[in-house]
Chemist: 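The structure under discussion is supplied below as structure tokens; questions concerning it will follow.
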Amino acid sequence: MIYWNSLADFLAMGKHGLYVWGSFIVMAALMILEPILLARSRKSLIARLKRQYRAEKLDNHHPPREDNP
Amino acid sequence: MLETSDLECQRGDRRLFAGLGFRLDAGELLYLRGHNGSGKTSLLRMLCGLLPPAAGEIRWRGQPIGKLGEDYRRELCYLGHHNAIKEELTPLENLLTAAALADEPLDEDQALDALETLGLAGREDLACRYLSQGQKRRVALARLVNERRPLWLLDEPFVALDVAAVDLVAGLIGAHLQRGGLAVLTTHQPVEIAAGTVRELVLAREMTAC
Amino acid sequence: MLETSDLECQRGDRRLFAGLGFRLDAGELLYLRGHNGSGKTSLLRMLCGLLPPAAGEIRWRGQPIGKLGEDYRRELCYLGHHNAIKEELTPLENLLTAAALADEPLDEDQALDALETLGLAGREDLACRYLSQGQKRRVALARLVNERRPLWLLDEPFVALDVAAVDLVAGLIGAHLQRGGLAVLTTHQPVEIAAGTVRELVLAREMTAC
Amino acid sequence: MSDRLFNWYRFASPQAFYPLAGRMIPWFWALAALFGIAGLYVGFLVAPTDAQQGEGYRIIFLHVPASWMSMFIYLVMAFWAGLGLAFNFRLSGMMAQALAPTGAMFAFLSLWTGALWGKPMWGTWWVWDARLTSELILLFLYVGFIALQSAIDDPRRADKAGAILALVGVVNIPIIYFSVKWWNTLHQGSSVNLAKSSMATVMLWGMLLCALACWMYSIAVALMRVRRIMLEREKDTLWVREELAREAS
Amino acid sequence: MLTPILAVIVRDLRLALRRRSDIASVLFFFIIVVSLFPLGVGPEPAQLRKLAPGVLWVAALLATMLSLPRLFADDYRDGTLEQLALAPQPLGLIVLGKVIAHWLISGLPLTLLAPVLGIQFDLSGEALAILTVSLLIGTPALSGIGAIGAALTLGVRGSGVLVSLLILPLYIPVLIFGAGAVDATLTGTGAQAHLSLLAALALAGVFFSPWPSAAALRIALE
Amino acid sequence: MLTPILAVIVRDLRLALRRRSDIASVLFFFIIVVSLFPLGVGPEPAQLRKLAPGVLWVAALLATMLSLPRLFADDYRDGTLEQLALAPQPLGLIVLGKVIAHWLISGLPLTLLAPVLGIQFDLSGEALAILTVSLLIGTPALSGIGAIGAALTLGVRGSGVLVSLLILPLYIPVLIFGAGAVDATLTGTGAQAHLSLLAALALAGVFFSPWPSAAALRIALE
Ligand code: HEM
Ligand SMILES: Nc1ncnc2c1ncn2[C@@H]1O[C@H](COP(=O)(O)OP(=O)(O)OP(=O)(O)O)[C@@H](O)[C@H]1O
Ligand SMILES: Nc1ncnc2c1ncn2[C@@H]1O[C@H](COP(=O)(O)OP(=O)(O)OP(=O)(O)O)[C@@H](O)[C@H]1O
Ligand SMILES: [Mg+2]
Ligand SMILES: [Mg+2]
């Protein structure tokens, strides 16, 4: 079933290992990085919002807007 | 003729006014009053159709202005904080160009007369850049002399004008109202305008309509 | 302290005024009056040293201002038709920058107080581009709150201000005069300013000095 | 406003969409992982070598999905943008904004993998060929869209301005797609043809599986991003406060 | 329908004549860019000939891009744009007028100047003719497409780079077909195909772009 | 004496940061001009290497020239320039501050970017270093000389061309010595002489030009 004979063959990709793996690594890295960055920015946003809400509660102005689409 | 209902204005995260409604009929003058930053300019721009209201509706002759589109624009004349004149052009050229762009017929004699009415005789051919502040405002206001469109929306027309010119412009507005026109006006100066019905709308934290 | 003699102003091929002379001492207020285009702005700019007079001389503490140069500029504060604020900066930044450039000490608290005095509390951190016309003028005028230089030259400071702000600025000028300052002022609005001596200078075809 | 439209409208409100999206995200991640593993297995381990191109052709399993997604996401983004311009749904602007960075990433990846493929195949990283140029323009359009939106403070205005740009840029998509037909270029013509595929079936399968993985990935990431944007934009509303309080507990 | 377009064109041309240096600075920029390159590269005719279409087209493109930010900015600042938006005609027509005026002020003079500058590059008569024709057809597209960018970035924080960022990708096809036409003539393959594509781009640019531009202007005025 | 200069620099930098795209647009323009040329000319390394100094220097010069008109125009329009002229310090010092700020905003980033772009042209490490140094020394001269032109444009009505005509001859020596320094390194004759001439030009440009500029500004304000 599997086409390759050895790991070295697999990594060499004929003569084109550099190109194939260059593509693969960049693509994989970006696709892994994007969700990680997103999750982190979401976390920091939530922390910021919570701080802001607490500050508002403390000086008690800025009533929350009703949702009006 | 001009009606608004339940108008709301939101700039940035600040709500300037809400639930604003009024009605203005032929020959009536509406004074918009309010402290600096209360939203008078914003309201006028809404009435022009330049700024979409956050909520509410504006109707002209019973129809929403968004629907009327060009037909509405053909009936209104707006004068904002900026003079909308080109500093490189002369008063005469500015006036003629403005008329051409607004698709109104205006020949050179009429334009010259209008400029003379506003005390700009002798400056018709001087580039507006050289004019004094008040003279520039006068060039912008010279449009009103031959303006026959029914709805005038004027944002602080009297700024920078001297006493004589203020009277003159007040006279122009009065004549317009006499002819059955409508006018909405903001100003911080006390100015007398001859009008059948004068309404007043105060924009403030606590809104008071008439 | 401020004296002019035989001043003449020529713009293009038009002579705006000639033979103008006056004298202003500590605590005195000079109203420049005149119709639009009579040369008030031009006269103020001459008094600043921006526009060289066609003839005549301006003296400050007895010396011609051309000779005094920087020493004269260090004693005057000019506010023109334009607000000289940057639309991209916030009111606070504008005020601090103006002070730094004028080589005057101003710390942030003072600046914030000044802005609050002019009713801009809550807008300190909004870019000036978003402010209303009157609010922009208020930012420009906030300089006056901490201004201690003796000679104020103000070109229509009340334009676009609402009634409350006009009173406030009139109060600032009054206090300045009380402290022994001098002020030259143009305005087309009738404004009451508390001053010991009020002089008036009317620029018109037929000049009348006091 | 008819009742049905009103319901639609309610569903399209951020308040209703936020929790729904939150529940969908894990499923799309799972699907993306599944298709991804299958596609890579087929493409890199099972598929035989290509007669002309040697092993270098395996870039196809990355290049084609990335290229397809870059175009497809643009269309979806323009669709949402147009919807927002026409009907003023709050959600649509947020969706468009959420899709753009992912689309830009795939456009970049299409260029990157294409360039890395071009060097061994054509002997050059880059030519000013119609397809390559139009794909580059696509990347620029994405970047321009993002830059334009981030330069405007007011989100409503940013949405509208972005929508106009997105709609103007749509003309580029058919150009990318048909460029190989309209001009005879260096770039390969379309070989995925359902009637008679010129590619070995295994290759085709690998490619399709990888494309599906990218698709699921895009949905998952876009949903994540749109949720973030919703929180940011609606931070002054009651529902965001309640939502955050609920998540904390 | 024609009167408002004409009125805008007349006004813009008159303004341009009043500050003639604006036209001149675009032309001057064009001349400088084109002339500096032979200076920098050295005088071998064969090399210059190869450079010529690229340099001339890039220079024309940059010169046009330079004048774009001012297309609407002045009118925006002094309130004229508001008045134009309130005119009874569709704003798109007015923008069309402005696009045409912009071309008359920037594109046309560039085109007329190009053959003179082309001589520096030792181009043949035929190549010069094709260069001029390609510019004549292509520059309207530049003005039209540019209007969209200028309108979208109006009043936006730091609009300078944004205009180039938004517009440049859309300019690339014009550049490719334009320079391609001259190149094709030089290599003897015939410029017909390039020129007709350029014409299509120009038509689309001039007559389609005013509408999105007008929509963008209305947003800027909000 | 330093405080007003510093105050102006701080203000201008803050404004530039507020509209970051202005800096970016200069850089973007630089990148585009530099990158479009190799694309237009073709990829032969020898030819590219020969082109490199000329293209990079011309691009830097054009990019600087682009940002010049706004050097004083914004301050002039909104009345800030009047206030600057009325400040107790000599106007020349304030202009000096503006020149330095202008360099920090345009010249410095260009310089930092140049070696990266130079790689496209297959330049050697040494050539890249000299290129960077030549730009580092030369770009202040561009800002200084340019200030005179910008100030004159404010005053002299409708003759922007005349000003570019005045400025460009002054820019050409900078271009020649700057590009010459890199060329000399490539041909192995040593860049020393060119660089010291460039430094002299820069010193003169930065410290002498504020005074005529200030005079021109006063005339513009009359
Ligand atoms: C930077 C360079 C490249 C870019 C921007 C690019 C762009 C694209 C795009 C947008 C597609 C999808 C369009 C469609 O499916 O019709 C595509 C598909 C494809 N590309 Fe590329 N490409 C590049 C280089 C290459 C190279 C060097 C090769 C191979 C020698 C190649 C081979 C293919 C193949 C085989 C397809 C699939 C076509 C199909 O089956 O429909 N590409 N490319
Ligand atoms: N993005 C924003 N964020 C917060 N507030 C804003 C924003 N944009 C505008 N504003 C506020 O909206 C108001 C606009 O007021 P507008 O120009 O309509 O006032 P006005 O009544 O015409 O005042 P004036 O008498 O000074 O002309 C101002 O108070 C301004 O501070
Ligand atoms: N080049 C010129 N040729 C002819 N007249 C000129 C020229 N430059 C300026 N003027 C005239 O000089 C006068 C300048 O007036 P100035 O600005 O000082 O007036 P002002 O009293 O401040 O008016 P306002 O009350 O309107 O502000 C104007 O009447 C203007 O028309
Ligand atoms: Mg207002
Ligand atoms: Mg005046």
Side-chain angles (χ1 to χ4, degrees), chain B residues 9-12 41-42 44-54 65-66 68-90 92-106 127-129 136-137 139-140 143 149 151-153 155, chain E residues 1-24 70-98 100-101 105 151 154-155 157 211 214-222:
Chain B
C9 175
Q10 179 97 22
R11 311 246 53 183
T41 300
S42 309
L44 281 181
R45 290 168 59 87
M46 274 183 193
L47 293 179
C48 290
L50 285 174
L51 183 71
I65 61 166
L68 286 173
E70 291 172 26
D71 296 330
Y72 179 57
R73 298 212 295 274
R74 201 176 289 283
E75 304 208 76
L76 77 85
C77 163
Y78 170 69
L79 198 118
H81 279 302
H82 293 289
N83 288 325
I85 59 175
K86 289 283 163 195
E87 305 247 301
E88 290 86 359
L89 299 183
T90 67
L92 183 61
E93 288 168 338
N94 264 306
L95 205 54
L96 290 173
T97 312
L101 289 175
D103 204 11
E104 292 205 30
L106 183 77
C128 283
R129 163 178 24 174
K136 284 181 195 160
R137 194 72 182 156
V139 175
R143 276 172 58 197
R149 288 182 279 186
L151 177 61
W152 288 9
L153 303 170
D155 203 355
Chain E
M1 209 190 95
L2 273 177
T3 33
I5 306 186
L6 266 182
V8 176
I9 297 179
V10 168
R11 186 194 75 136
D12 278 17
L13 288 184
R14 180 179 281 148
L15 277 173
L17 286 181
R18 219 42 72 79
R19 39 184 187 219
R20 221 160 300 156
S21 59
D22 274 10
I23 311 182
R70 298 196 50 191
L71 185 55
F72 301 113
D74 285 347
D75 286 347
Y76 182 64
R77 190 160 30 225
D78 66 16
T80 317
L81 195 61
E82 268 175 6
Q83 296 295 339
L84 291 178
L86 290 175
Q89 303 86 20
L91 187 53
L93 285 186
I94 292 176
V95 175
L96 177 59
K98 283 191 82 77
I100 296 175
I105 296 164
L154 193 60
R157 201 156 8 93
W211 309 99
L217 288 179
R218 289 213 179 271
I219 293 169
L221 281 174
E222 267 182 17

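Just so it is clear: chains get the letters A, B, ... in the order the sequence lines come, proteins before strands, and each one is counted from 1. All figures in this text were calculated on a predicted structure; none of them were measured in a lab.
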Chemist: Nearest 0.5 Å please: distance from the CZ atom of B:Arg143 over to the CG atom of B:Asn83.
Modeler: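 Nearest 0.5 Å value for the CZ-CG distance: 10.5 Å.
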Chemist: Return the CD1 to OG1 distance between B:Ile85 and B:Thr90, rounded to the nearest 0.5 Å.
Modeler: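 Reported value, rounded in 0.5 Å steps: 10.5 Å.
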Chemist: Using a 4.5 angstrom heavy-atom cutoff, name the option from E:Leu86, E:Ile94, E:Thr80, E:Asp74 with the most pairs to chain B.
Modeler: E:Leu86
Chemist: Heavy-atom distance under 4.5 Å to chain E: side chain of B:Arg45, backbone, both or neither?
Modeler: side chain
Chemist: If we define contacts as heavy-atom pairs under 4.5 Å, which of B:Ala100, B:Cys77, B:Ala98, B:Pro52 has the most with chain E?
Modeler: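 Most heavy-atom pairs within the cutoff with chain E belong to B:Pro52.
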Chemist: Is any side-chain heavy atom of B:Leu95 less than 4.5 Å from a side-chain heavy atom of B:Val139?
Modeler: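 No - every pair of side-chain heavy atoms lies 4.5 Å or more apart.
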Chemist: Is the backbone N or O of B:Tyr78 less than 3.5 Å from a side-chain atom of E:Gln83, with the two atoms forming a donor-acceptor pair by type?
Modeler: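 Answer holds: yes.
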Chemist: Would you compute the distance between atom CD of B:Glu93 and atom CZ of E:Arg11 and round it to the nearest 0.5 angstrom?
Modeler: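 Rounded to the nearest 0.5 Å, the CD-CZ separation comes to 12.0 Å.
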Chemist: Does any backbone or side-chain atom of E:Gln89 lie under 4.5 Å from a heavy atom of chain B? Answer side chain, backbone, both or neither.
Modeler: both
Chemist: Between E:Leu221 and chain B, which part of the residue has a heavy atom less than 4.5 Å away: side chain, backbone, both or neither?
Modeler: both
Chemist: Non-hydrogen atoms of chain E under 4.5 Å away: do they reach the side chain of B:Leu96, the backbone, both or neither?
Modeler: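 Contact with chain E is absent: no heavy atom of B:Leu96 under 4.5 Å.
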